[in-house]
Chemist: 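Sharing a structure, written as structure tokens. Questions coming.
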Amino acid sequence: MAKHTITMTINGESVSAEVDSRLLLVHFIRENLDLTGTHIGCDTSNCGACTILLDGKSIKSCTYLAVRADGAAITTIEGLAAEGTNHPLQQAFHDQHGLHCGFCTPGMILRSVDLLKNNPNPTEEEIRWGISGNLCRCTGYNNIVKSVQQAAKEMQNQSESV
Amino acid sequence: MIPANFNYHKASSVSEAIALSQELGEEAKYMSGGHSLLPMMKLRFATPEHIIDISKIDGLSYIKEEGDMLKIGALTTQTEMEHNALLKEKYPILGDAIWLTADPSVRNVGTIGGNIAHGDAANDQPALMLAMRATVVAEGADGTKSIPIDDFFHGFYMTALEPSDVLVEIQIPKAKKGSGGAYHKVERKVGDYATAGVAVYVELDVDGVCQEIGIGLTNVSAVPMRLERGEALLRGQKITDELISEVGQVASEDCEPESDLRGSEAYKRSIVNTITKRMLNKALERARQ
Amino acid sequence: MFKCKTSAEVGGMGHSVKRKEDARFLHGKGNYVDDVKLPGQLTMVMVRSPYAYAKIKSINKEKALAIPGVLAVITGEDLAQYNLHWMPTLLSDTQMVLPTDTVMHQSQEVCAVIATDRYIAVDGAEAVEVDYEPMQAIVDPFKALDSDAPLLRPDKEGQEDNQIYHWERGDRAKTDEVIANADVVVKERIYLPRIHVASIETCGCVASYDKDTQKLLVYLTTQAPHAIRTVVALVAGHVGLSEEKIRIISPDIGGGFGGKVPVYPAYVVAIAATFLIGKPVKWIEDRSENLVNGFARDYHMDCELAATKEGKIQAFKVSTLADHGYTDSSANPSKYPTGMFSICTGSYDYEHAFAELDAVYTNKAPGGVAYRCSFRVTEAVHAIERMVDKLAAKIEKDPALLRLENFIKKEQFPYDSPLGWSYDSGDYEATLKKAMDMIGYDNYKQEQAEKRAQGKLMGIGICTFTEVVGAGPSKDFDILGIAMFDSAEIRVHPTGKALARFGTKSQGQGHETTYAQILAEELGIPYTDIEIDEGDTDTAPYGLGTYASRSTPTAGAAAAIAARKLKDKGKKIAAYLLEVSEEDIEWEVGKYFVKGAPEKSKTIQDVAFAAYTNIPPGMEPGFEATHYYDPPNLTFPNGAYICVVEVEQETGAIDVKRFVAIDDCGNIINPMIVEGQVHGGLTQGIAPAMYEGIEYDDEGNVLNGTLMDYLVPTAVESPHWETGHTITPSPHHPLGAKGVAESPTVGAPPAIANAIIDALAPLGIKHLDIPITPAKVWEAIQAHK
């Protein structure tokens with residue numbers, strides 16, 4: 001089977017690799033790059049545990065071929081904030097108890113990054129619809145909504161103060 | 001779940017895609033967003049030998065009015081459509097549907113062309129295209145062809161596209177004053193395929209008489225379905241509540257749903273009746289604005 | 001209300017301190033089982049049966065083995081050579097590890113393919129050729145007991161039909177007599193369907209056997225690592241896997257909810273594979289395997305509730321048929337094959353009750369494990385709470401009033417229930433009244449009357465449940481003979497910082513925070529100075545694990561008592577340091593001082609340092625303590641939930657307008673975490689109430705084995721939950737705590753069902769089984785036209 005050389009930026013670093021046509025992006029990230037913060041929960045693009053940012057947009061990496069990410073800039077949860085710091089969403093999930101087991105959390109946060117980029121001041125309903133492709137079995141979502149609300153406020157404050 | 005082995009090919013242009021497809025033959029499949037095809041490959045329901053990636057082709061992502069048409073490039077993602085000012089202002093029916101299609105991350109990748117070319121009556125866009133009388137523009141080995149939407153869907157996952165045809169553009173008659181459309185589907189939960197969905201597009205003249213009407217149904221037939229009998233009842237008429245009720249009834253009679261996990265045939269017929277009426281009212285309301 | 005004894009910095013009980021475990025999860029540094037990567041690791045994929053019931057005529061490995069990278073295909077015959085093809089279940093039944101001749105349910109493991117990577121293993125599994133001879137499956141449990149039904153388990157000696165067991169409790173004759181003579185009797189068959197916990201992380205393991213040291217290391221998604229170690233030793237001891245050579249590590253777990261208690265066959269196959277091959281073997285379940293191969297519930301309950309015409313409840317009877325699939329793999333205490341189902345008499349004071357249950361085999365996946373519920377409490381609560389509402393409807397009495405009139409009163413605790421439980425504490429009236437106030441019950445009743453007058457469908461549903469959790473006292477509770485105590489071991493280091501280890505295992509409950517808070521409460525050491533460690537059988541003290549809301553009632557209590565042992569030792573050290581007698585030393589949080597001279601004091605940190613540096617003569621050095629806590633009783637959390645819904649008659653669409661949950665879980669360790677647990681449990685309550693259920697066709701095929709069709713609620717389906725609590729401490733728990741995380745899963749479904757059925761009452765609809773979907777409502781409305 002054909003091998004393809006792909007080059008992409010992952011969390012700001014350039015990565016090159018030779019991959020099979022059928023390698024799924026999520027496996028490339030987890031197994032080739034050892035970035036295990038991106039999770040697999042359903043295989044059918046329903047649960048969103050594998051959500052990453054590809055060129056700034058949230059996508060489900062279990063339903064995306066690694067070879068198609070050639071030339072892309074990818075952000076995984078490991079690269080969302082500088083080592084030892086929190087992105088406002090990470091801080092908000094901590095402050096608002098927006099996570100229990102943590103398995104959906106990376107995908108939930110990365111999806112929320114994209115949500116807030118397109119809608120910096122979402123209503124509760126818009127947040128709920130905006131994260132509807134990411135399942136959480138632990139939190140009942142109330143505190144995830146509150147986390148996104150806190151982060152929205154914080155990010156707006158930050159952008160105003162710039 | 002892992003797809004079976006295949007060979008990946010990236011096409012940089014439509015002509016390259018067509019050439020690749022011709023060279024690789026019947027076992028080659030185009031992939032656009034991939035959110036219909038790749039899950040089927042992971043389940044090994046589909047095992048193509050070759051995948052031709054058309055998602056990187058430049059120039060197929062646009063939304064514009066030109067002449068008397070709204071033109072949407074086939075690779076325009078659902079998210080791009082969702083946030084497009086022109087569509088928000090003049091074609092809210094598209095936003096109705098996109099909001100209810102899968103979820104935002106899937107819509108970031110899923111394209112309008114793919115949603116239609118997959119030929120799946122469960123997808124949302126086919127009903128809209130039927131209602132709005134779209135034309136599908138495809139390029140193939142023998143040049144460009146324009147396929148009226150009524151000739152496009154042939155069967156379960158089957159369309160008028162030849163294996164090497166690339167769907168490049170959707171053309172929709174430009175919204176006129178007095179026109180309006182609306183879409184809704186009942187779903188078991190957010191992001192689900194429709195239990196039943198109805199798209200309505202209506203054009204009224206200054207006197208409120210229905211000049212043109214399109215009604216498309218989602219997931220209540222093997223092939224995306226136009227409600228012809230309902231349209232005939234409304235065309236040329238002043239649309240009254242009684243007529244709307246009658247069309248709802250006709251919709252429930254003419255659709256061809258099957259009982260499954262989403263509900264019984266009778267339930268689905270009833271849902272089609274209800275949504276048809278509601279979408280007629282909503283489309284009329286928008287047309288009158 | 002609970003008053004904090006410690007400062008926010010110390011962070012003892014009652015403080016909503018932020019969770020200590022969050023950072024790694026927020027940064028993608030959690031260590032879940034699929035993140036484990038050992039040198040030379042191989043991957044295992046299971047070949048599974050497409051049929052629900054079939055003879056295996058042959059298994060051809062050749063094509064699979066011809067694929068480069070496929071190293072082995074392991075069948076039941078291979079395991080039979082080592083007598084490893086069957087294993088015991090946690091409830092004294094037997095289960096195939098891999099079949100030698102017959103498959104008993106769709107998706108049963110048929111053989112295992114071991115390969116160098118996941119992709120090749122999947123190709124290998126596709127290439128294995130299995131020749132089946134399908135047989136007519138028994139899918140309907142009511143047909144399993146027909147005289148002409150095929151005997152599904154001829155392998156079991158003495159098994160003559162498909163009944164697994166009959167169980168009963170209570171006085172049948174007296175209960176029947178009261179029911180026969182009652183003014184009012186309501187009856188209903190209530191079905192709680194098969195559902196699956198569907199934790200977002202599926203199950204999996206990495207098994208690694210070192211032939212030189214003869215040590216087996218298994219990273220495993222398990223809620224009960226110690227129990228699993230013992231089970232592995234019992235199952236595989238005869239091939240040389242001795243318990244001291246087995247190390248089970250339960251790493252971070254992506255949600256458990258009961259689904260990670262059982263021993264799944266693939267775990268055993270992976271262990272066998274590493275034992276035979278000598279390389280680490282990883283197995284990670286895919287979502288369909290996860291959804292189709294286990295379940296909770298599946299109880300068909302015939303209920304009768306008798307009362308006076310005024311509505312005084314007199315007797316309750318329930319006869320249940322339980323579909324266990326092809327083996328009883330329930331993870332219940334051995335003396336409680338139906339778990340705590342006998343809590344079914346509920347929160348009400350009456351004398352007579354009888355419960356019986358027949359468990360049967362069918363051609364379905366084994367399970368009977370939990371779905372965020374303490375051993376069948378959900379089924380029990382659903383039965384009584386639906387029946388109380390039926391009674392209210394029948395005698396046309398407000399269901400809130402009916403409950404208030406029948407509640408066990410505050411002063412009646414401890415209360416001996418008709419089926420043998422001793423409820424520890426509660427104030428049911430206060431809890432329900434709080435819920436009614438919070439939601440504005442009277443206003444909704446008025447609004448409902450107005451809406452009904454307009455022909456609109458609006459419903460108000462109540463559930464006032466009593467749970468029974470914290471198994472349990474060793475005289476009654478064991479799993480495979482092992483008493484259900486739990487444990488804590490505390491080591492306070494010379495600098496006054498501490499490490500504490502437990503026999504439980506968090507799966508998101510926040511143990512790293514709440515256990516530290518318990519120790520902070522007891523010792524005055526700031527919670528931030530206390531590390532919590534669980535899940536490694538080589539280091540943690542033995543315990544039965546985390547499920548059935550037992551961590552706080554058992555391990556939490558163990559932590560408090562171990563800390564008190566340390567405090568006693570510390571008192572002696574403080575007396576020595578302060579040169580007074582022990583009787584003259586008093587304690588306030590974090591500090592020993594001389595009675596009457598509070599300026600003369602030693603902090604707990606001073607004392608810890610002295611325990612290593614300046615030990616009183618004759619005293620054993622060090623500052624460590626361990627306690628194995630055997631609870632004197634279970635705890636009985638309770639709550640009052642009220643739900644308001646509107647139903648659209650034309651489409652059956654259901655809109656949950658409000659949901660208020662008032663929980664009484666005794667004293668609260670961390671209110672933020674308790675609230676979070678309640679939110680999560682409520683969403684796992686609305687899930688079976690309105691969305692989830694495993695569907696089978698007549699051949700035993702599962703129809704909704706992916707998350708496309710098994711409808712786990714998203715943030716849109718999940719309402720904005722409103723919560724609150726009352727506090728009635730448990731009198732026998734050292735901290736007065738009770739456990740909470742399953743209460744909402746237990747309490748929400750009947751509240752929602754009662755609300756929807758109340759909404760439909762004007763149409764003559766008296767009962768619907770969950771999940772109550774719009775389609776089901778629509779069908780019911782048509783049937784009542």
Side-chain angles (χ1 to χ4, degrees), chain B residues 1-6 35-36 38-45 47 99-100 102-106 120 122 184-198 219 245 248-249 252 257-279 281, chain C residues 43 45 67 115 117-127 202 284-290 648-654 686-687 690-697 702-718 771 773-783 785:
Chain B
M1 288 191 290
I2 310 286
N5 266 311
F6 60 85
H35 274 63
S36 295
L38 195 48
M40 290 173 73
M41 290 166 64
K42 287 173 74 179
L43 291 162
R44 303 209 174 185
F45 294 156
T47 52
W99 186 245
L100 295 173
D103 64 71
S105 296
V106 170
D120 185 349
H184 185 64
K185 68 177 175 186
V186 165
E187 48 188 359
R188 295 172 300 175
K189 72 168 200 175
V190 168
D192 189 19
Y193 288 107
T195 299
V198 181
N219 213 14
S245 287
Q249 180 60 30
S252 73
E258 288 180 7
S259 298
D260 60 16
L261 289 172
R262 292 185 168 78
S264 68
E265 180 193 327
Y267 166 67
K268 291 181 182 182
R269 288 189 188 278
S270 169
I271 291 293
V272 166
N273 184 335
T274 301
I275 318 178
T276 300
K277 290 185 290 193
R278 287 181 187 173
M279 291 306 101
N281 278 316
Chain C
T43 294
V45 166
I67 296 171
D117 89 9
R118 201 181 293 246
Y119 284 60
I120 295 169
V122 172
D123 289 346
E126 288 280 314
T202 60
I284 303 294
E285 194 177 48
D286 76 22
R287 176 55 66 188
S288 290
E289 293 177 292
N290 176 258
E648 190 180 70
Q649 190 160 350
E650 191 172 349
T651 61
I654 302 157
I686 198 174
M690 293 176 61
Y691 298 97
E692 295 175 10
I694 300 172
E695 305 272 351
Y696 287 83
D697 69 10
V702 175
L703 299 174
N704 54 347
T706 70
L707 289 184
M708 295 165 95
D709 285 314
Y710 188 81
L711 305 175
V712 173
T714 74
V716 177
E717 288 77 35
S718 188
T773 62
K776 191 180 274 183
V777 167
W778 185 87
E779 300 287 353
I781 291 171
Q782 307 318 304
K785 269 185 177 166

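Within every chain, numbering begins at 1; the chains are lettered A, B, ... in the order of the sequence lines, protein sequences first and strands thereafter.
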Chemist: To the nearest 0.5 Å, how far apart are CZ in B:R278 and CD in C:E650?
Modeler: 5.0 Å
Chemist: Once side-chain contact (heavy atoms from CB on, under 4.5 Å) is applied, do any residues pair with B:L43, and if so which ones, sequence neighbours excluded?
Modeler: B:M1, B:F45
Chemist: Quick one: what part of C:T773 sits under 4.5 Å from any heavy atom of chain B, side chain, backbone, both or neither?
Modeler: neither
Chemist: Measuring heavy-atom distances to chain B, does C:E717 have an atom under 4.5 Å in its side chain, in its backbone, in both, or in neither?
Modeler: side chain
Chemist: Below 4.5 Å from any heavy atom of chain C, which atoms of B:R262 appear? Answer side chain, backbone, both or neither.
Modeler: both
Chemist: State whether the number of non-hydrogen atoms from other residues, nucleotides or ligands found under 6.0 Å of B:E258 atom CD is greater than 12.
Modeler: no
Chemist: Is it the side chain or the backbone of B:K42 that comes within 4.5 Å of chain C heavy atoms, both, or neither?
Modeler: neither
Chemist: Given a strict heavy-atom distance threshold of 4.5 Å, which part of C:Y691 is in contact with chain B: side chain, backbone, both, or neither?
Modeler: side chain
Chemist: Checking C:E648 against chain B: side chain, backbone, both or neither under 4.5 Å from a heavy atom?
Modeler: side chain
Chemist: Taking C:D286, C:V716, C:D709 one by one, which has the highest count of heavy-atom pairs under 4.5 Å against chain B?
Modeler: C:D709
Chemist: Would B:K189 and C:T714 satisfy side chain to side chain contact (heavy atoms under 4.5 Å, CB included), going step by step from the backbone distance to the final call?
Modeler: CA-CA 8 Å; B:K189 72 168 200 175; C:T714 74; 4.0 Å; yes
Chemist: Run the side chain to side chain contact (heavy atoms under 4.5 Å, CB included) check on C:D123 and B:N5 step by step: do they pass?
Modeler: CA-CA 9 Å; C:D123 289 346; B:N5 266 311; 4.0 Å; yes
Chemist: For residues C:L703 and B:L261, report the shortest heavy-atom separation together with the two atoms involved.
Modeler: O-CD1, 3.4 Å
Chemist: What heavy-atom pair brings B:G263 and C:A775 nearest, and what distance separates the two atoms?
Modeler: CA-CB, 4.3 Å
Chemist: Could you tell me whether the side chain of B:Y267 reaches within less than 4.5 Å of the side chain of C:Q782, counting heavy atoms only?
Modeler: no
Chemist: Give the minimum heavy-atom separation between B:R44 and C:E126, together with the two atoms involved.
Modeler: NH1-CG, 3.3 Å
Chemist: Taking only residues two or more places apart in sequence, or in another chain, which ones meet C:T706 in a side-chain hydrogen bond (donor to acceptor under 3.5 Å, both in side chains)?
Modeler: none
Chemist: Check whether more than 12 heavy atoms from other residues, nucleotides or ligands sit under 6.0 Å from atom OH of B:Y193, and answer yes or no.
Modeler: no
